[in-house]
Amino acid sequence: MRIDAGMEQMTDMFIFETTSLLEQLEQILMKTESENSFGEEDINEIFRIMHTIKGSSAMMGLENMSHLAHSVEDLFYIIREDRNVVKDAAKLYDLVFTASDLLRAEIDLINDDAPPTDFSEVMEKIRAYAASLKKGGDTGTPAVSTAAPAASDSEPAPVTALPGMTTLRIRFEEGTAMIGLRASVLLNSVADRCISITTVPAEFDSDEAQKQLEADGLILSFAADDTDMVISILTDGTAVASCEELGDKPSSDKKARGEASKELTTVRVMFEPGCKMENLRALMVVNNIKDDCKEIYFSPENIEEDPSSANVIRTDGFIIRYRSDLPDEEILRQIGETPSVKSVDTITAAAESGAKKTETAAAGGNAPEKKARTEHRQSLVSVNLAKLDQLLNMMGEIVIAEAMVTSNPDLKGLKLDNFQKAARQLRKLNSEMQDIVMSIRMVPISGAFNKMTRIVRDMKVKLGKEAELVFEGEDTEVDKSVIDNLNDPLMHMVRNSMDHGIEDWQEERVKEGKPPVGRITLSASSSSGEVVISVSDDGKGMDPQKILAKAEANGILTKPRTEYTDKEAFGLIMLPGFSTNEQVTEYSGRGVGMDVVKQSIEKLGGTVSVDSKKGKGTTFTIKIPLSLSIVDGMEVAVGRSIFTIPINYIKESFKLREGQLITDTEGKEMIMIRGECFPLIRLSELYGLEGGSGDLADGIIILVEADGRSACLFADELIGEQQVVIKPFSQLLISCGVKQNGMAGCSILGDGSITIIMDISSILADN
Amino acid sequence: MDDNFAAKGGEVLTFIVDGVLYGIEIKYVNEIIGVEQITEVPKVPEHIKGVINIRGKIVPIISVRKRFCKEEIPFDERTCIIVLELDDNQVGIIVDRVREVVIARPSDICATPSQSGVNQSRYIKNIIEDKDGIKLLLNCERLIFDENM
């Protein structure tokens, strides 16, 4: 897809923003759909999202996206006018979901050279739907043509010259590209010097506006303290060809009103200090009084889109000029009643000396809630993930470098009190920094879960099944890179549960004594360095015999069928080329899916297991290391090799005392500690290593515990405690099965040598 | 990619293992280093000697001798590790000595006879024959990832 040169560096930002807006949109839609009602907030939010997408994609030169967003915006413009017009809500959701999907797909294509997708079919549907809404619900509100650009309601009606205002016609150089953008840049450049500005056309995004700009130029009326200054700024603007003064009235003002009997009233509105988001509060003021005013202008003008206008309002106040049939007192009262308004002053048109002053007590209302939300938003920064990765790697290198310095072999045998003190300080700071670096990367898993809501919704419609999706522990925090890789596996598992798990007919469920509506539970929890995520359904479950039969038919069994345990049989469904569904549906049954799940989870260093009870349901459990790429480890020597045991697994370490060792009839060794018996695992045997002492009395015993299991490990020597950075095994070693043999990864020690980090939980599970 | 090399030729790094001259396409070669301390990894196939630390990266090492079921000899000063990179995976191979980089012209490249012995040719992609003699061009992917010996 074509992106205008010069816009390329904006592309990333655009993609990021638009994607998150679309995500927000979906969440609102899912919420409102399940509650089956549109709140005013929701509609405004959708409207705002579409408006922003429209604007930004037009800026990027992606006209098709802009137009599609526009049509949705129009649709919600109508709905916003009268919420009751929506009769066929299902269709509305379908249309908006489709539009959102299309926009998303188009974003994916942005970096390809594919031609822009044609959205006209969908847009036609949206327009038709909008038209049907209007027919059904038009109750005398001013008709808004859906094909025409929707005027955002913050924009005043017709532009007319005001007394004391200067009106200019600005023409741009011929052939200027992106004339709309230029016009808005120009406008912004003088906005803070003017008390009020109005323009023709009122907005610059649409095609019509652009044409008008090309033909008639930009007509700009403003009132400013230093008129000459503003004119000179405008004349010097980029691509401005000419800038002429038009006298009192702009030429385009053909509908000059005869009823200009009543003068415009100008008021200055001040907000409570520290109330934040003055621009939106100003918008609320305008919305409050606009119905009672024949004309209304305000400054700064771009309050809806431009958060920086809040600063202007904070210092200079918000200027409103209006003409109304109602007495001024009534309007002032209305303004004063808006939350957070501190004072309203009437300004005489000529000078700005305050005359009447109406102090008003601010009505609290929902103001505090809104404030909290804004502050939350403002304190967030979006950062490129690659930079975080770099930071993490760097952190790892620093930990290694620290070890290189503090346990430098040259220091051996020296008594260095001050050095040790400084080294301790360094270690403390480093470990604090590590915690921060880690926490930066942690995000709640709810984002990944929420995406599943949409999948369940779509499948419910397509498959005609009823199911609800339940979350548990969705605020569990997981490393960002893990989350990104979780989406696909989760999606496959949820689809699998929906398609194969939940019964096709509700009667089947009722017969089994289950509630008619199926339930899929997504749960997450973290325990000792692992995140456990499970997807379970209460559907029909799997039959191990059926799976085995199928696997046998597909020729993927590696041992006689009778030797398979149920658990192993369930594991078969994650092998490539296995699918129990006879028919290929849109969602699953192509024989891919579950093996993809397994692969992508293994890539993350995790494991997947399946458990199922016939008639009760199926549970997929994923265990993934909590990104903890730096661990505190205890180094032990076994023969010539050095292994690292993560310290959080170690209960104690001790020398064997006489009488502690028990050998059973099969020659299995056990160790008795305080009346409890633990199996003994000799590491040299476990790993098949030569060398080292076979005598238990010479070495050291380490009691470890994981997942409720405990055992004693026997190593030759305890070397010491050190922080190590987990480096994953290369693909070659993983394919050789190192993970199955109790090794989690390796790490580089301070002296450059390599240590292997033991996977205690898998060792204990296997023994 | 096979066909591409056979058709276009290209640069080949040659090395000797057990007296036989082998070649490997230069695009796979990252660097050549001397043998350093290799850390054993337990419970892996015999031809994987362990891992080494190359500037903070942990790279597994394969013994080509062991891979070709030849007897291993003690490392000497000519023993080298050729560090290869395949699909973002770095792997080192231990060879007796590295010879040189030669340019293989398409006319010098012949395919391996299809029914030749099962054992060796699975790792041989092409045979290069020029004025210096015969070089066996190794198939990197198989050399490194093929599991069944």
Side-chain angles (χ1 to χ4, degrees), chain A residues 393-394 396-401 403-404 603 635 637-644 682-692 724-759 762-763 766, chain B residues 24 28-31 33-64 66-67 72 74-75 81-94 122-123 138-149:
Chain A
N393 284 342
M394 199 51 86
E397 295 306 315
I398 287 177
V399 170
I400 294 174
M404 277 175 170
K603 230 195 231 155
E635 286 163 46
V638 181
R640 281 168 300 153
S641 308
I642 296 175
F643 292 90
T644 301
R682 288 175 186 249
L683 290 181
S684 54
E685 279 174 24
L686 176 73
Y687 289 133
L689 294 169
E690 293 157 18
V724 293
V725 182
I726 300 183
K727 306 230 172 189
F729 281 121
S730 95
Q731 205 55 46
L732 171 65
L733 294 172
I734 291 174
S735 66
C736 294
V738 281
K739 295 250 170 193
Q740 284 78 42
N741 286 317
M743 288 169 271
C746 33
S747 178
I748 296 171
L749 295 175
D751 61 358
S753 66
I754 299 173
T755 169
I756 290 168
I757 300 164
M758 295 173 48
D759 183 354
S762 99
I763 292 175
D766 291 346
Chain B
I24 212 155
Y28 296 115
V29 179
N30 253 9
E31 60 183 319
I33 54 174
V35 179
E36 14 179 312
Q37 175 69 46
I38 299 177
T39 308
E40 276 179 61
V41 178
K43 295 224 173 172
V44 289
E46 260 187 291
H47 66 272
I48 299 177
K49 301 303 288 178
V51 287
I52 60 168
N53 169 11
I54 302 179
R55 291 183 296 279
K57 278 201 161 176
I58 293 178
V59 178
I61 301 297
I62 290 174
S63 159
V64 180
K66 209 71 226 169
R67 188 62 156 157
E72 283 189 282
F75 300 150
I81 294 177
I82 304 176
V83 183
L84 307 173
E85 186 163 336
L86 264 129
D87 313 327
D88 292 332
N89 282 306
Q90 284 195 343
V91 177
I93 56 171
I94 305 176
R122 62 186 304 158
Y123 301 120
L138 292 175
N139 181 331
C140 268
E141 284 87 356
R142 288 221 189 128
L143 176 72
I144 292 169
F145 287 111
D146 236 22
E147 279 169 50
N148 315 313
M149 288 281 294

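Worth knowing before you read on, the calculation uses all heavy atoms, side chains too, and leaves out hydrogens, waters and symmetry mates. Below, chain A is the first sequence line, B the second, and so on; all start at residue 1.
- Residue Pro42(B) comes nearest to Phe643(A) through the heavy atom pair CG-CZ, 3.8 Å, listed as atom of the first residue, atom of the second, then distance.
- The part of Val91(B) that comes within reach of chain A is its side chain, from C-beta onward, which places non-hydrogen atoms under 4.5 angstrom from that chain.
- Sorted by first and then second residue, the pairs that involve residues 33-45 of chain B and meet salt bridge (charged side-chain N to carboxylate O under 4.0 Å, His left out), not counting sequence neighbours, are Arg640(A)-Glu40(B).
- With a 4.5 angstrom heavy-atom cutoff, Thr755(A) does not touch chain B via any of its atoms.
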Stepwise side chain to side chain contact (heavy atoms under 4.5 Å, CB included) test for Ile144(B) and Leu732(A): CA-CA 8 Å; Ile144(B) 292 169; Leu732(A) 171 65; 4.0 Å; yes
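- Among Ile62(B), Asn89(B), Ile58(B), the residue making the largest number of heavy-atom pairs under 4.5 Å with chain A is Ile58(B).
- Ranked by heavy-atom pairs under 4.5 Å with chain A, the list Val51(B), Asp87(B), Leu86(B), Val59(B) is led by Val51(B).
- Side-chain atoms of Cys746(A) and Val41(B), non-hydrogen and from C-beta on, never get closer than 4.5 Å to each other.
- Remark: Glu46(B) pairs with Lys66(B) by the salt bridge (Lys or Arg N to Asp or Glu O under 4.0 Å) rule, at least two apart or across chains.
- At a 4.5 Å heavy-atom cutoff, the contact between Ile756(A) and chain B is made by side-chain atoms alone.
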